[in-house]
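Only heavy atoms go into these numbers, but all of them, side chains included; no hydrogens, no water, no symmetry mates.
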Amino acid sequence: AGREDHRLAGAASSVDQTDMRTKRVTDIPLVFKAHEEKDLRKETYKIELLTPMIGGGTRSWQVDKSQVVRTSEIKQQLRFWWRTMQDPTKQIKDLLGMEASLFGSTDQASKVRLTLSSDNATEEFLELNPTKRGRNGRLQFQPSDFASKSLPRYALFPLAESPEKAPFAILIRYAFNLEISAPEESWKSVVQAATLWVLFGGLGARTRRGAGSLYCHDLVKEITNPES
């Protein structure tokens, strides 16, 4: 009888622990809660490439022809330019909280949604296949490699001596549509971040040197035509 009572007590304890574990799991609130569509504002912007784009793919200095632009890359750009607009006197933890609330984190979903669509007819690549090497053994592009497409060599000076294997593909013409969705209360700051990205940022490598520069009429029209 003693053994039987001990066995029953053990079984009851196991059931209690199972119920407790089940309760703990079911009581966990869902962290990732999507915004209702009615709370989101959507706009689509046509963005064009102004200067040749270098790199941007999974391989260094190489353009990924299968997916030239990624929403993840654009969202990182928006995060960066959003930070530049914030009050520098605020506490870092407060700024991080504001950023996470808008762009998401490991604990919560992003309120900003990006959708890309492009017209392949607007894609134009410049294939470069240098054969000459300099004294350091690196492949060297010649002025004639760029002259065929009327590209100023000084704008692409990072490629003058390439440590990578030839051939190279540079994107010289591209346009895509970017749909931005964001809560109405955050819309202005998101669009301002996108405007700064288009004006001062870009796509791919060497954006600080002028490569991968962009243009979007709808984003910059308020700046170029302040009275309109």
For this session: Could you please spell out the steps behind the side chain to side chain contact (heavy atoms under 4.5 Å, CB included) verdict for Glu179 and Glu43?
Result: CA-CA 6 Å; Glu179 181 187 270; Glu43 295 287 350; over 6 Å; no
Could you go through Leu214 and Leu49, starting from their C-alpha distance and side-chain angles, then the distance that decides it, and tell me whether this counts as side chain to side chain contact (heavy atoms under 4.5 Å, CB included)? CA-CA 5 Å; Leu214 304 170; Leu49 190 67; 3.9 Å; yes
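In plain terms, the two heavy atoms of Glu123 and Val68 that are nearest each other are OE2-CG2, 4.1 Å. In plain terms, the two heavy atoms of Met53 and Leu203 that are nearest each other are CG-O, 3.7 Å. Shown here for Phe103 and Ser110, the closest heavy-atom pair between the two residues is O-CB, 3.1 Å. Heavy-atom minimum distance, Ala211 versus Ile54: CB-CD1, 4.1 Å. Lys46 and Cys216 get closest at one heavy-atom pair: O-SG, 3.4 Å.
Leu102 is not connected to Ile92 by any chain of hydrophobic side-chain contacts under 4.5 Å among Ile, Leu, Val, Met, Phe, Trp and Tyr, and they are in different clusters. With hydrophobic clusters built from ILVMFWY side chains whose heavy atoms lie under 4.5 angstrom apart, Trp82 does not share a cluster with Leu96.
Rounding to the nearest 0.5 Å places CD1 of Ile180 at 14.0 Å from CZ of Arg113. One distance of note links NE2 of His217 with OH of Tyr45; it measures 12.0 Å at 0.5 Å rounding. Expressed to the nearest 0.5 Å, how far CD1 of Ile47 lies from CG of Leu219 amounts to 6.0 Å. A distance of 3.5 Å separates OG of Ser101 from NZ of Lys111, quoted to the nearest 0.5 Å.
Side-chain contact between Lys65 and Phe125: present, with at least one pair of heavy atoms (C-beta onward) separated by less than 4.5 Å. Considering only heavy atoms from C-beta on, Leu178 stays 4.5 Å or farther from Thr44 through its side chain. Leu114 is listed as a side-chain neighbour of Leu78, based on a closest heavy-atom distance under 4.5 Å. Side chains of Pro52 and Leu171 form no contact here, defined as non-hydrogen atoms less than 4.5 Å apart. Side-chain contact between Val220 and Tyr215: present, with at least one pair of heavy atoms (C-beta onward) separated by less than 4.5 Å. Under the 4.5 Å side-chain criterion, counting only non-hydrogen atoms from C-beta, Phe176 is not in contact with Ser117.
Residues Ser105 and Asp107 have side chains that never bring a donor and an acceptor to within less than 3.5 angstrom of each other.
Between the side chain of Thr207 and the main chain of Gly212, no donor-acceptor pair closer than 3.5 Å is present. Remark: the backbone N or O of Ser213 is paired with a side-chain donor or acceptor of Thr51 at under 3.5 angstrom.
For Lys90, the salt bridge (charged side-chain N to carboxylate O under 4.0 Å, His left out) criterion is met by no residue, not counting sequence neighbours.
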Under 3.5 Å, sequence neighbours excluded: what are the donor-acceptor pairs made by side chains of residues 188-198?
{"from": "Ser189", "atom 1": "OG", "to": "Ser186", "atom 2": "O", "distance (Å)": "2.9"}
{"from": "Thr195", "atom 1": "OG1", "to": "Val191", "atom 2": "O", "distance (Å)": "2.9"}
{"from": "Trp197", "atom 1": "NE1", "to": "Gly202", "atom 2": "O", "distance (Å)": "3.1"}

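Among residue pairs with one or both ends in residues 76-85, those qualifying as salt bridge (charged side-chain N to carboxylate O under 4.0 Å, His left out) are Arg79-Glu99, Arg83-Glu99; sequence neighbours excluded.
A salt bridge does not link Lys75 to Glu73: none of the charged side-chain nitrogens sits closer than 4.0 Å to a carboxylate oxygen.
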